[in-house]
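Worksheet: one structure, shown below.
Index from 1, following the sequence.
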Amino acid sequence: MATIRSRIRGTGRALPEQILTNFDLEKIVDTSDEWITTRTGIKERHISEADEYLSPFCAQASKQALEAAGIEAKDLDLIIIATVTPDQPIPATACFVQDLIGAGRAACFDMQAGCSGFIYGLSIADNFLRTGTARHALIIGGELLSKYVDWKDRATCVIFADGVGAVVLSAEEGERGILSSALHADGSMSDFITCPGGGSKIPVSHEMIDNNLHTIKMRGNETFKIAVRSLEAVCREAIERAGMTPHDVRWFVPHQANVRIISAVAGRLGWPEETIYLNIARIGNTSSASIPIALDELVRAGKIKEKDILLFAAFGAGLTWGSCLVRW
């Protein structure tokens with residue numbers, strides 16, 4: 001019996017036009033270009049305007065991915081958006097996107113796994129496709145994190161950015177597609193990256209806003225240490241599940257959180273610099289959007305060859321982490 005795999009047929013991305021550089025940040029918070037670049041690798045990031053919101057960016061990236069895949073929106077069976085910054089609490093932003101792109105027959109939902117969200121979404125969609133529940137799926141990683149940033153907190157406001165990436169997955173026979181994935185979480189460290197206010201625990205109120213509980217808080221040093229160890233382990237897990245070795249990986253496409261984390265993980269796995277795709281200097285940390293944005297850049301630059309092995313890996317709030325191995 002032929003093997004059914006979930007193949008990435010098309011990719012797309014959308015970014016706000018406004019760019020905020022490190023030098024711009026020097027004017028609004030106690031920081032410097034040297035401080036930001038040395039600690040994160042970020043030089044600039046895209047930031048949405050006050051009247052911009054997530055779903056139009058998701059629709060733009062989705063239309064690009066559908067066009068690249070040669071698939072019409074009406075043929076989609078499933079739309080998953082990984083995000084922590086939806087248009088609104090109710091309904092799911094995926095439903096808005098379904099309407100914007102004309103995918104009327106697709107089941108839709110949002111899911112949240114922090115920066116690991118896109119990999120979680122890929123794994124969920126992969127199970128739908130391999131079991132025959134769906135044939136074509138749209139997976140979007142999208143964030144407008146600038147809406148949740150405390151612009152007085154230099155530990156976070158210099159890191160986070162806005163953007164959307166999307167991929168179309170199709171169920172196909174053969175060896176191309178998702179080979180393996182691995183997902184993990186540890187809720188005992190949920191306070192490492194958090195936005196405490198706005199939910200049922202601390203509902204929206206004047207007091208909540210006055211106490212700045214509607215913005216992202218992060219324990220950076222502790223997160224850094226755990227991220228390197230966890231990402232190395234989860235990369236090895238996906239590779240071993242597919243019966244491969246780190247040397248089989250042609251492209252490592254990591255979540256663009258911190259260049260030091262990425263370099264440390266790549267060093268532990270023995271990957272040379274030319275194997276790692278980095279766009280963090282230009283894009284910043286777009287959470288669940290960072291991997292699909294990076295992937296779309298790679299694809300449209302013509303750098304990926306047929307049968308190349310790609311590894312995606314991410315670590316984020318929850319804490320969550322995951323990896324996905326793909327044969328192109």
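- By the salt bridge (Lys or Arg N to Asp or Glu O under 4.0 Å) test, Arg219 is found to be paired with Asp191, Glu222, residues two or more places apart in sequence or in another chain being considered.
- The salt bridge (Lys or Arg N to Asp or Glu O under 4.0 Å) search around Glu34 returns none, not counting sequence neighbours.
- Residues passing the salt bridge (Lys or Arg N to Asp or Glu O under 4.0 Å) test with Asp87, sequence neighbours excluded: none.
- The side-chain heavy atoms of Glu49 and Gln18, taken from C-beta on, include a pair separated by under 4.5 Å.
- By the 30° and 60° cut-offs, the orientation of the rings of Phe109 relative to Phe128 is tilted.
- Cluster partners of Leu138, by chain and number: Leu54, Phe57, Leu66, Ile71, Leu76, Ile79, Ile81, Val97, Ile101, Ile140, Leu144, Val164, Val168. The rule joins Ile, Leu, Val, Met, Phe, Trp and Tyr whenever side-chain heavy atoms lie under 4.5 Å apart.
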* Could you walk me through whether Lys217 and Thr215 pass the side-chain hydrogen bond (donor to acceptor under 3.5 Å, both in side chains) test, one step at a time? => CA-CA 7 Å; Lys217 321 293 180 187; Thr215 61; 2.9 Å; yes
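- Arg45 forms no cation-pi arrangement with Phe160, by the criterion of a distance under 6.0 Å to the ring centre and an angle within 45° of the ring axis.
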Show me the donor-acceptor pairs within less than 3.5 Å that the side chains of residues 271-281 make with the rest of the protein, sequence neighbours left out.
| residue | atom | partner | partner atom | Å |
| --- | --- | --- | --- | --- |
| Trp271 | NE1 | Pro246 | O | 2.7 |
| Tyr277 | OH | Glu297 | OE1 | 2.6 |
| Asn279 | ND2 | Glu297 | OE1 | 3.2 |

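- In the hydrophobic clustering, Val204 connects to Ile202, Met208, Ile209, Leu213, either directly or through intervening members, whenever side-chain heavy atoms lie under 4.5 Å apart.
- In summary, of the residues considered (Thr286, Ile119, Val167, Asp296), a side chain to side chain contact (heavy atoms under 4.5 Å, CB included) with Ile291 occurs for Ile119 alone.
- Cation-pi geometry between Arg7 and Trp328 is not satisfied (NZ or CZ under 6.0 Å from the ring centre, within 45° of the ring normal).
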